[in-house]
Amino acid sequence: MKISLNWLKDYIKTNLSDAEIANKLTLTGLEVEEVTALGSSFDGIYVGEVTEVAKHPNADKLTICQVNLGSEVVQIVCGAPNVAAGQKVAVATVGCTLPVSLPDGKPFKIKKSKIRGELSFGMICAEDELGIGTDHSGIMVLDSSLQPGTLFSKAYGAYEDSVLEIGLTPNRPDASCHSGVARDLHAVTGEPFSLPGLSDSVSKVAVEKESANPHVTIRIDDENLCSRYVGIVLKNISVKESPEFVQNKLRAIGLRPRNAVVDATNYVMHELGQPLHAFDLNKITSGTIVVKSFPQEMNFTTLDSIERKVPAGSLFICNGDEPIAIAGIMGGENSEIDDNTSSILIESAWFDPVHTRKTSKQLSLQTDSSYRFERGVNPEGTLYAALRCAALVLEWCGGEIIEPVLDIHPRPYQSKEIELRPARAAKIIGTDIPAEDQLKILKRLGFNPVVNAAGTIICTIPGYRPDVSEEIDLIEEIARIFDYNNIPTSGRISFSRPDKLPKEERFLNEVRLSCTKLGLQEFYSNSLLPQSYVTLLDSEELVPALNPISRDQSVLRPNLHHGFLKAAAYNFNRKQTGIRAFEIGKIFQKGEGNWVKGFNENRSLLLGLAGNAAEAYWNQPEKSYTIQDLIGITQAFFESLDLQDSITKEVTAESIIFRSGNTKIAEALTVSNKMKSYFELDKDAFIAEIDLDELLKLYASKAHFTYKPVSRFPAVEFDIALLVSKEISAGDMETQIKKSAGNKLSHIHVFDVFEGKSIGNNKKSIAFRMRFQDETKTLGQEDIEPLVSRITKDLEKVFEAELRG
Amino acid sequence: MSQLTDRIKEEIHEAVLNSKDELESFRLKYISRKGRITELLSKIGSVAPHERKEFGQKVNHLKELAHKKFSEAKEKLEKNNEGNNSGIRALDDPTLMPAPPAFGRLHPLSQTQQMIKDVFFRLGFTISDGPELEDDFHNFTALNFPPEHPARDMQDTFFIKKTDNDDEDDLVLRTHTSPVQIRLMQSSKPPFRSIMPGRVYRNESITAKSYCLFHQVEGLYVDKDVSLAELIDTLVMFVEMIYGEGVRYQIRPSFFPFTEPSLEMDIWWGDEKNGKWLEILGAGMVHPNVLKACGVDPEIYSGFAFGMGVERIAMLLYGIDDIRHLYDNDLRFLQQF
């Protein structure tokens, strides 16, 4: 929201500098995000007349204009959508420097240039480029009576201002206008604050709550959605331009001046925060204003000439039965003020915030008016704002008020009283702010504090502060105006006995540590996947978002594969040769539901390998990752958590599944060609995904670890080579050997695999190295031989394995 | 006899000991127990008694000589073997580097999150968890966001399920980790002192400044006599531990539906002249309505809550100018951390 400091000073007499004002406002909760200085001497800027407009041959959005500068006609390439022949415009001529700087802070110097091949001698300016406003929707169109070649400063007058951009929080509708911001500044500084008085022309007019005005009657059909509606009829006005000082202020905050009537409604909205609307009275042909909604969807053309489908149930202002405005959002084209308007109806009303917001959202149409209504407009200020607007119209356009002013108010506002206990305030804030300071702050904010016999403070909450509804809100008001930075702090904190960290935290840290120990790089990937990818998964259990703004981030990931494969392809395209990574994240599927009903959300761990395990070096050949590498890493990961003994592995055609009992813990697989081609991945990739929720259960149930004594006796090594049929797996043989050998076998691994014609086409030779150890003695030949012979006998029986010499 | 010792002396002098074999045969011939010097000594009986002393001295001298010759030659030979005489062996070049071992690093967001956690663990906080796919009640309603309130516009929300059925609730991707505060307070009794780190979502387009998700760490402290002053102290301790003791900060009022009073903390970033205030966290006293919704009596208990974006802090600390770098998983980026 933009606040002009010139304008602000109409309501507060302040001695503070611009920077001090910005700082004070920020520290009271109206965060000033930017301060922009406006105004300049306008050297080198002249009034020009656009004499010819032609399309740029090489750019759709550009036009080539011939502009008469009085002394000469120059060609200017212009990008504004609203440029047209016959307009009088502000031209920055070659050699001049604009009052505003370029985004990088350098001066904006106008040079002769070639734009897409066409010469351009100067620039036709928008308001923001001249530093007189913040509008950049198009070039500034000047009064048609101006002579080409006139100095712009003569046509426009010198004007300087500073504009604050305030990031307004949604709880502060009172500060959505200049007087409201001035009130906050007053609360901090105590400098004199006043709202504009009502001129004699309106202060004594008759106001009626029921009877009809001779020109119009007003009826509210839906009192829930519109609790107050003020209408003022003005006749015999002549619509012209508003005074220059008004136009300057409106421009400063980025509004385009239109005519004195529309400008007056905008002016009062930004002065008092009450949105207003002016109807052409002659277009209210039925003589009756009805505030009502329709049970069906309505087609309605708003002021911006757009025909909109307005949902059933939305509140309208109607001329009898015919809608002429969407309540609180935008007026209709059919009742718009034009140059011939001589009678108007000024509307000032209170519309329900929730309803206004709903309609505005459904229409995707947020206006300055809806912005204020949906935050809550002051129900006590409806009449005052209408009278203030009428007074300005009378002053700027002449005419007269046709009495009575109608103030239809079916549900009068009941002001709230809230009791503030100073002891409570001290407890929450953590310091005693002196009672007199508290009273002063509350008074300046308009809460009319009264100290009662019990020592508590009774506040009456004004209508412009709908956000203040209980004691805690008053405590915040005191604290924020006192300034949080002034609250004394002790530099100490105190707390009761801290809780233990949950097991899960230690588990996740160990998981991360194990992964990095295994040389895996941690990845972070998007949880939302593209539509094009999830269709490949062909799953019924996917969880899509209902309203994603992009199809590329629209479905929650059912596993962690996508992130790894995308990253692998990304890195291979950037000359990486091998990827070795892990990621921890939540995955989502439809199901019973663990946290929320109907959806399973689980923590998962991905271990991924792709491309080269080793690059060619002087001491090693290039080597690609294999599925065995992945299984090895997965097992090492389990071992690092000391869980290897409770996890078994099963090899299926598609993947390797790790289980604890019957519970699946992890699955390792080779990435399919279909997936590889989706990611345009030309190297092999291997993924293991581990269910961390299940693994945590296993980890948490693990017995407390105590060390095993190391055997004092040496181990004995023994190798055997076996000839078996090719389909026998090494893993199965190993399992059998362990079973046959019993607890004296301390280690086993395959050290050689061989196949070739010499041993037969269907055969392979596989050689195991075993180490035997006993805790009570040194094993001798007489101990080993029976073991080995049992092993070979069992292998022969189960696998028809032949011992090789 | 003395001729014999002289001859042996000469032989020892002339012996060529340039290889292991020559060395070994020299050892056998002169030094070993069956060697010639021992043999000489055994013949001392046949020497005239008056000559025995001289003979003994000569033989001992021979023995020393043989040992000296042997050890010198051995040392020389070993030295030569290391250098390999003919020059330097190509593979012995110590600057010839093998492929570096695989090196796993934590993602900068994990590192930053750990840094934040470590501070709060020191300050006596524990840690709590909750779902990313959350219901409307925990994400909004219990946090004092009225339905159809503009405060909901502060966060663009991904909806997963919309329902008109009163018995069910809309489902959303959580827009903040605050719902974990609600779950924590509903599931046990005060005092609460816990942080809630996690992933949150905003339905925004992906640009250098915004991503459709990010990470937060929120914290909650509820007990008797918890005050705004103590919140400020806690936050100051936090920023000093993360950004250093000289950090310049300011605290200004703000608005969150679930805290009252609410505040934001800025730190001064950059030098005196070109620096600016950067918002780094939001906080406030837990709103009495939130405590009530969780069955905590706000007349007895009060509390504070705070929240910060992990990305924001990581980007400040490491000078990262584009949030997308954090999700591209570009190894050239990640392996710098």
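Lettering of chains follows the sequences in order, A, B, ..., and the numbering in each one begins at 1.
Contact count versus chain B (heavy atoms, under 4.5 Å) is highest, among A:Lys358, A:Arg480, A:Glu31, A:Glu615, for A:Glu31. Of the residues considered (A:Trp595, A:Tyr371, A:Tyr570), A:Trp595 shows the highest number of contacts with chain B, using heavy-atom pairs under 4.5 Å. The most heavy-atom pairs under 4.5 Å with chain B, out of A:Gln521, A:Glu374, A:Lys597, come from A:Gln521. Among A:Arg421, A:Arg497, A:Arg580, A:Lys566, the residue with the largest count of heavy-atom pairs under 4.5 Å with chain B is A:Arg421. The greatest number of non-hydrogen atom pairs below 4.5 Å with chain B, out of A:Glu471, A:Lys361, A:Lys517, is found for A:Lys361. Of the residues considered (A:Phe564, A:Tyr484, A:Phe588), A:Tyr484 shows the highest number of contacts with chain B, using heavy-atom pairs under 4.5 Å. Taking chain A as the reference chain and counting heavy-atom pairs below 4.5 Å, the highest number among B:Pro131, B:Ala102, B:Gly284, B:Pro146 is found for B:Pro131.
B:His138 does not touch chain A: none of its heavy atoms, backbone or side chain, sits under 4.5 Å away.
The two atoms that bring A:Asp467 and A:Asp473 nearest to each other are O-OD2, 3.5 Å, heavy atoms only.
Counting only residues at least two apart or on different chains, the salt bridge (Lys or Arg N to Asp or Glu O under 4.0 Å) pairs with a member in residues 326-337 of chain B are B:Asp330-B:Arg332.
There is a side-chain donor-acceptor pair under 3.5 Å between B:Gln250 and B:Asp266. B:Arg199 and A:Ser527 share a side-chain donor-acceptor pair at under 3.5 Å.
Scored by the ring-ring contact (aromatic ring centres under 6.0 Å, His included) test, B:Phe337 finds B:Tyr318, B:Phe333 as partners (sequence neighbours excluded).
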